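Written out below as structure tokens is the structure these notes cover.
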Amino acid sequence: MNDTAMGPDDYRPDAYRPCVGVMLVNADGKVFVGKRIDARETMGTDDIWWQMPQGGVDEGEDLEAAALRELHEETGVTTAHATILRRMEGDIAYDLPEELVGKLWGGKYRGQRQTWFLLRFTGSDADINLRAHDPAEFSEWQWADPHTLPEMIVPFKKRVYRTVLEAFRELV
């Protein structure tokens, strides 16, 4: 399976973990990215990769609510400092590299099916708290130029980030 936008009949949903992603953009048009603490366990590498907030959707959870929850858990940012601008049409699915299949998410999934949201950050850098949730997911964070995102993410998610950038380009 390629990690491109998909329709509901293009994959076996039970093989892909339901997930949301958040592209949080500040007033300067830069995007929040965090450096994962657990790159070795989740990505199978000691390389340094940065990513936008994302995470699993709980059973029965509304996708918008899941995006806001993940944003808060990973960044400390609340709805007082973030406004949803758009939900991307369709999902993006990707497969894990074969060496990671069966090792993540209890071995239940071969990849993720992601729904992405674009949010405008209206707070200050002081409103970001990577320790808002225990355990923390990121050890560091930064504001990145949108065009650099595909080069910052783990290689098997590059096309996901290109698709997200294209979908939200006009609003960033």
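These figures come from a predicted structure and were not determined experimentally.
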Separation of [Y] [atom2] from [X] [atom1] (nearest 0.5 Å):
| X | Y | atom1 | atom2 | answer |
| --- | --- | --- | --- | --- |
| Glu73 | Leu68 | CD | CG | 11.5 Å |
| Ile92 | Arg162 | CD1 | CZ | 12.5 Å |
| Lys157 | Leu96 | NZ | CG | 8.5 Å |
| Leu165 | His147 | CG | NE2 | 10.0 Å |
| Ile153 | Tyr161 | CD1 | OH | 3.5 Å |
| Glu64 | Thr79 | CD | OG1 | 10.0 Å |

Residue pairs fulfilling side chain to side chain donor-acceptor pair (under 3.5 Å) with at least one residue in residues 21-35, sequence neighbours excluded: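 Residue pairs with at least one partner in residues 21-35: Lys30-Asp145, Lys35-Glu140.
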Val164 and Met88: CA distance, side-chain angles, deciding distance, side-chain contact (heavy atoms from CB on, under 4.5 Å) verdict: CA-CA 8 Å; Val164 171; Met88 194 172 122; 4.3 Å; yes
Heavy atoms, side chains only, cut-off 4.5 Å: are [X] and [Y] in contact?
| X | Y | value |
| --- | --- | --- |
| Met152 | Gln142 | yes |
| Trp49 | Pro155 | yes |
| Gln51 | Val33 | no |
| His81 | Ile128 | no |
| Leu24 | Met52 | no |
| Glu74 | Arg69 | no |
| Phe117 | Leu71 | no |
| Asp125 | Trp141 | yes |

Derivation and outcome, side-chain contact (heavy atoms from CB on, under 4.5 Å), residues Leu118 and Val25: CA-CA 8 Å; Leu118 174 66; Val25 180; 3.5 Å; yes
Residues Tyr16 and Asp95: side-chain donor-acceptor under 3.5 angstrom: yes
Flag for Gln114-Trp116: side-chain donor and acceptor within less than 3.5 Å: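 There is such a pair (donor and acceptor under 3.5 Å, judged by atom type) between the side chains of Trp116 and Gln114.
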Looking only at non-hydrogen atoms, find the nearest pair between [X] and [Y] and report the distance.
| X | Y | value |
| --- | --- | --- |
| Val31 | Pro146 | CG2-CG, 3.9 Å |
| Val77 | Ala82 | CG1-CB, 3.9 Å |
| Ala144 | Leu149 | CB-CD2, 4.2 Å |
| Ala132 | Gly76 | CB-CA, 3.5 Å |
| Arg86 | Ala167 | NH1-O, 3.9 Å |
| Ala136 | Arg131 | CB-NH1, 2.9 Å |

CA sep, side-chain torsions, deciding dist, call: Glu137, Arg36, side-chain contact (heavy atoms from CB on, under 4.5 Å): CA-CA 6 Å; Glu137 197 149 325; Arg36 290 191 61 99; 2.9 Å; yes
hydrophobic_cluster_shared for Tyr94 and Met23, side chain cutoff 4.5 Å: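 Yes.
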Hydrophobic cluster membership, Phe138 vs Leu119, 4.5 Å side-chain cutoff: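 Yes, one cluster joins them.
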Any donor-acceptor pair under 3.5 Å from Arg113 side chain to Val20 backbone: no
Sidechain-backbone polar pair: Glu61 side chain, Asp58 backbone, donor-acceptor under 3.5 Å: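 The answer is yes, because a donor-acceptor pair under 3.5 Å joins these two groups.
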Residue pair Asn129, Thr75: steps toward the side-chain contact (heavy atoms from CB on, under 4.5 Å) verdict: CA-CA 5 Å; Asn129 174 12; Thr75 70; over 6 Å; no
Results of ring pair (Phe, Tyr, Trp, His ring centres under 6.0 Å) for Phe121 - residues two or more places apart only: Trp143
